[in-house]
Amino acid sequence: MEDFDKKLSITADDEKPIPNSSKTLILLRKFVAVQQRRAAAYAKLKEGFSQYLVSGAELAYQRLCSEVTAEFGACSKEVLEIESLFMNPDCGRVDLAQLLRAVQTQEKQKLHLTATIQLLKKAGRPSERLVSHEDCKFTKHTEHECVHVQEITEAAGTEEAEADAEYDNDLKESIRGVQDAVVAINEHLEEVRYEIAALEDE
């Protein structure tokens, strides 16, 4: 009889706490809501950047970047809190914590590359950049000696073509990187949706 009691107590001690499915469901829904806020912030940033390219309103664009950066920071903080709760023995869902961590990593990459794309587009292709005539010498009101006028040589043409090719390559790589991040994020979100559906069916 003693052996049976001993086995019973060992079994009871070895059992892991049952995950709280309703708490998990609430946290996953909260995470999806945060992702929707991120998507709205990206849309706002994209629209604002398009307007900036047309208007050149630097101050308005900088203000928008500050607002969007603050929103992304708040979203990241919330996701880290949710991730922490999933790691907590109360919830016991390390798998979901790792899923959220993977999304965070891809979101960070996406934001970095989005900023790179905007900086590249803002600067423009090297051969198409506007020049400032502030350092030029003005002989008359309507004439000036332009310091930008240079003899066109094969070497200068090659250098400009190489700069344009590097710009084009950097832009394409950044765009491809954003697309890859979006695909990865969407795959992770699909996993979250499956988990939500499974928990709702319980």
Steps toward salt bridge (charged side-chain N to carboxylate O under 4.0 Å, His left out) verdict (R193, E190): CA-CA 5 Å; R193 287 187 194 97; E190 196 61 29; 3.5 Å; yes
Could you go through E200 and R29, starting from their C-alpha distance and side-chain angles, then the distance that decides it, and tell me whether this counts as salt bridge (charged side-chain N to carboxylate O under 4.0 Å, His left out)? CA-CA 11 Å; E200 285 173 340; R29 286 179 178 153; 2.5 Å; yes
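In this structure the side chain of L85 never reaches within 4.5 angstrom of the side chain of C91, judged on heavy atoms. With contacts defined as side-chain heavy-atom distances shorter than 4.5 Å, the pair V103/Q35 qualifies. Looking only at side-chain heavy atoms (C-beta outward), L99 and D95 stay at 4.5 Å or farther from each other. When side chains are defined from C-beta on, V34 counts as touching R37, because their heavy atoms get closer than 4.5 Å. Contact of the V32 side chain with the I196 side chain is registered, since non-hydrogen atoms from C-beta on lie closer than 4.5 Å. Residues L113 and E173 have side chains not in contact (no heavy-atom distance under 4.5 Å, counting atoms from C-beta outward).
Among Q109, R38, Q104, Q106, the one residue that satisfies the side chain to side chain contact (heavy atoms under 4.5 Å, CB included) test with I185 is Q106.
Its side chain outside the 4.5 Å cluster rule for every partner, V183 clusters with none of the Ile, Leu, Val, Met, Phe, Trp and Tyr residues. Applying the 4.5 Å side-chain rule to ILVMFWY residues, one finds V94 in the same cluster as M87.
Pairs of residues two or more places apart, or lying in two chains, that qualify as ring pair (Phe, Tyr, Trp, His ring centres under 6.0 Å) and include a residue from residues 29-59 are Y42-F72, F49-Y61, Y52-Y61. Annotation: side chain to side chain donor-acceptor pair (under 3.5 Å) contacts involving residues 177-186, sequence neighbours excluded, are absent. Judged as a ring pair (Phe, Tyr, Trp, His ring centres under 6.0 Å), not a single pair has a partner in residues 79-117 (not counting sequence neighbours).
Heavy-atom contacts from other residues, nucleotides or ligands closer than 6.0 Å to NZ of K23 number more than 12. In the displayed structure, E166 atom CD is contacted under 6.0 Å by at most 12 heavy atoms of other residues, nucleotides or ligands.
Separation of atoms CD1 (I82) and CD1 (I26) is listed at 11.5 Å; rounding is to 0.5 Å. Note that OG of S66 and CD of E71 are 13.5 Å apart. Values are rounded to the nearest 0.5 Å.
Between the side chain of S84 and the backbone N or O of L80 there is no donor-acceptor pair closer than 3.5 Å.
With sequence neighbours excluded, the residues that form a side chain to side chain donor-acceptor pair (under 3.5 Å) with D168 are R125.
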